[in-house]
Every structure is written in structure tokens, then in C-alpha cells.
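Just below is one structure, and these are the notes that go with it.
Residue numbering restarts at 1 for every chain, and letters A, B, ... go by the order of the sequence lines. Both backbone and side-chain heavy atoms feed into the values below; hydrogens, waters and symmetry mates do not.
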Amino acid sequence: MPEGHTIHRLAEDYAKAFRADSSLRVTSPQGKFSDAAALLDRTPLRTTDAHGKHLFLGFGDPGHPEWVHIHLGLFGKVTFGPAPAPPPTDTVRLRLASDTAYVDLRGPTTCALITEPEKRAIHDRLGPDPLRPDAEPERAYRRISRSRTTIAALLMDQKVIAGVGNVYRAEVLFRHGIDPYRAGRDLTRAEWDAIWDDLVVLMREGVRNNRIDTVRPEHTPEAMGRPPRVDDHGGEVYVYRRANLPCHICGSGIRTVDLAARNLFWCPGCQRA
DNA sequence: CGACAATGAAAAA
DNA sequence: TTTTCCTTGTCGC
């Protein structure tokens, strides 16, 4: 389940499992991607790429690259396993299978074969991604510093910054004591730089561990003598999905509200205007 | 077995 | 601002 760290991890995992493997079979058991799958069948995966929540699988020779563009949306899931691949269920949009491994993609918002220019156009409309080495955080600040929109909404806008989702949004604002309702243009450059640098660290850690942990060492369950979090998406967090529970730091009840069809979580004690 | 939620975003209105 | 798309797991009856 997908914020940017998941997608970058998938780019690594797809490459690790299948790159340059001439035994690669490409199918679409569900049927919605059959034509493209037939085209790619038995051609090696050349490279993978990720920008924000967009995943790209590169096929073909470098002069004429073809890309499978994948976006998981809210429900998309990817599962890896060793060969032999089990019979696919009828929801598998895309299966890659080699002599040694297989991977199934289910429920993506997007799974399409695109050209290099089309890929470039996607990069162009995305904001800087804390997980990409070429990212320019000033580009994000330029937009934020001119916007009357709340920082909570701006962090979710992929044109402003790519890869942050509902969990990282809530957690990074908490970690910096920032009221989610503050307007973007009221953020100082120093505040933005601190947020960005923090996201770089947190999301890299997310890629490494394949989960989101945002709690500082001094606030971990072990350090504070409280039971570890029990939650179906794993990861130790301060506010995400902790509605009405006491804040780990100040004890205030964590608040939640429906904002633009997503659940926003924050601590009214620690995050003041 | 239906209702509902879930780390998302584009299209329609 | 609302609707739509995509899938799966959980909860209550």
C-alpha cells in the first residue's frame, strides 16, 4: 500500500527479481492488459524507475524504450513469490514470471504501456520527490510560499511534492509541530527545509524497511514503557489513525477530520498555529 | 452476505 | 465538490 516509499521499494524489488532475465513471461490473467502483455512477453526487463507514487518498468532497447506505467492508487497491491507461480486469480492485472520468481499486480489505478515522451510528461507534472537524488526542494517551496491553501492539502498535492501520502503528511507535520491548517505561504523557508530534510530521512528508512516508522527513538514503546502498536499496517507513528487516543508526548486527544475525502490526524496540543 | 473502510487521484458536474 | 475506478479484509447481522 502505497506512499512513495512503497513505490521506490517496488522499483528495486522488480529489478532485483527480473532485470535482464530472458526467461521472463508477461501475462495479464485478468485480461485488461493482455495486448501489451503479449507485446512484452519474453522480452527482458531492462530497468525500473519511480517518481512519487508512479512506478515505471522499462522494456525494449535503450534507443526505443517502452515503459509499463503503474500507479497503485488506494487499493493496488503487488505480491512477489518464488517460482513456480501459483495459478493466478482473476484479478491479477499483470504477472511477471521467470524461472525463479513471479510477481502479481492487482487493483492498480493505472497499468499502461507508454512511450518515453509520455513518461517524461508524467515526470514533468510531478513535484520533487524526496527519494530522488535529482529532487529540488526549492521548487516545492516556491509553490507553497505563494499558496493560501493549507499545508495539509499542499503536502498531498503531487504537483507540489511527489510521494507524500496521508501517513507521511500527518506524521511529518506532527514531528515539526506544525498546525495542519496553516497556509502554505505562512511557512518559513527554514520550516520547509526542515520538513523536506526530515521526509528524505523518513522515506529512505521507509524504503529500507518497507513500512512507515516516524517515532523518534526516545518515544518508542520500549523507551516509554508502553505496549508496541498493534495495527494492520505496521509501523510506529505519532498521530496517524490514532483518533481520540492520547498523544505520546503531551497527552492531548489526537484529533481527526475529513479533509478532501481523506482523514487528517493531528495533535491539537503539539501542533499549534 | 452486505456495509464499510483503506497509505489515491482523475473525471465529471 | 462529487462521482468514479480499482480490490480486499473486517465487522456486524
Side-chain angles (χ1 to χ4, degrees), chain A residues 1-11 13 28-34 36 50-56 68-79 86 88-95 103-112 114 118 121-127 129-131 149-150 152-175 180 199 202-215 229-244 254 256-266:
Chain A
M1 290 118 113
E3 296 196 22
H5 69 300
T6 304
I7 309 308
H8 283 257
R9 174 61 178 258
L10 285 173
D13 290 349
S28 179
Q30 180 197 48
K32 288 191 185 177
F33 195 60
S34 294
H51 187 156
K53 300 167 189 172
H54 298 255
L55 172 64
F56 304 94
V68 176
H69 172 216
I70 294 170
H71 193 298
L72 295 181
L74 196 49
F75 311 130
K77 272 191 179 54
V78 172
T79 52
T89 64
D90 57 10
T91 55
V92 175
R93 180 78 57 88
L94 172 66
R95 165 173 283 188
V103 59
D104 284 345
L105 168 68
R106 289 183 174 81
T109 279
T110 302
C111 177
I114 64 170
E118 288 169 328
I122 292 167
H123 289 294
D124 289 346
R125 66 176 161 77
L126 290 172
D129 176 349
L131 289 170
T149 305
T150 62
L154 288 166
L155 281 174
M156 294 285 277
D157 184 343
Q158 303 297 300
K159 297 187 294 302
V160 174
I161 177 171
V164 172
N166 208 12
V167 184
Y168 282 122
R169 163 186 60 183
E171 294 299 308
V172 82
L173 289 176
F174 178 88
R175 284 168 60 95
L199 284 170
L202 289 174
M203 294 177 77
R204 278 186 188 158
E205 173 115 339
V207 174
R208 190 161 47 246
N209 300 331
N210 218 357
R211 51 182 254 178
I212 298 178
D213 293 283
T214 60
V215 172
R229 180 165 214 237
V230 180
D231 196 308
D232 52 11
H233 60 85
E236 284 294 335
V237 293
Y238 286 106
V239 294
Y240 177 70
R241 278 221 243 176
R242 296 197 63 247
N244 303 317
I254 301 302
T256 185
V257 72
D258 192 310
L259 187 91
R262 311 305 299 281
N263 298 313
L264 171 66
F265 300 89
W266 80 101

Whole-Å distance separating the [atom1] atom of [X] from the [atom2] atom of [N]:
| X | N | atom1 | atom2 | answer |
| --- | --- | --- | --- | --- |
| A:N210 | B:dT7 | CG | P | 18 Å |
| A:H71 | B:dT7 | NE2 | C1' | 11 Å |
| A:F33 | C:dC6 | CZ | P | 16 Å |
| A:D90 | C:dT8 | CG | P | 9 Å |
| A:R211 | B:dT7 | CZ | P | 18 Å |
| A:L55 | B:dT7 | CG | C1' | 16 Å |
| A:L74 | B:dA5 | CG | P | 13 Å |
| A:D258 | C:dT2 | CG | C1' | 13 Å |

Could you state the interatomic distance from [atom1] ([X]) to [atom2] ([Y]), rounded to the nearest 0.5 Å?
| X | Y | atom1 | atom2 | value |
| --- | --- | --- | --- | --- |
| A:K32 | A:T91 | NZ | OG1 | 10.5 Å |
| A:D157 | A:R169 | CG | CZ | 11.5 Å |
| A:L105 | A:I70 | CG | CD1 | 5.0 Å |

* **Nearest-neighbour nucleotide for the A:K32 side chain, C:dT8, C:dC6, B:dT7 considered** => C:dC6
* To do: Output the single nucleotide from C:dC6, B:dA9, B:dA6 whose closest atom is nearest the side chain of A:N263.
  => B:dA6
* To do: Could you measure between the two C1' atoms, the one in C:dT8 and the one in B:dA10, and give it in whole Å?
  => 22 Å
* To do: Determine the Euclidean distance between corresponding P atoms of C:dG9 and B:dA9; express it in Å to zero decimal places.
  => 22 Å
* Asked: Just checking A:T109: base, sugar-phosphate only, or nothing, at a heavy-atom cut-off of under 4.0 Å?
  -> base
* **Touch class at under 4.0 angstrom, heavy-atom based, for A:E171 against every strand present** => nothing
Taking only side-chain nitrogens and oxygens of [X], does any of them come within less than 4.0 Å of OP1 or OP2 of [N]?
| X | N | answer |
| --- | --- | --- |
| A:R106 | C:dC6 | no |
| A:Y168 | B:dT7 | no |
| A:Q30 | C:dT7 | yes |
| A:K77 | C:dT8 | no |
| A:R125 | B:dA9 | no |

* C:dT7 base stacked by A:F75 (centroids within less than 5.5 Å, tilt under 30°) -> yes
* Can you name the one residue among A:N166, A:V257, A:D258 that meets side-chain contact (heavy atoms from CB on, under 4.5 Å) with A:L264? -> A:V257
* Asked: Only one of A:I7, A:L55, A:T109 forms a side-chain contact (heavy atoms from CB on, under 4.5 Å) with A:L72, so which one is it?
  -> A:I7
* To do: Hunt down the Watson-Crick or G-U wobble partner of B:dA13, both distances under 3.5 Å, from any strand shown, or write none.
  => none
* Shortest non-hydrogen contact from A:V68 to A:F33? -> CG1-CZ, 4.0 Å
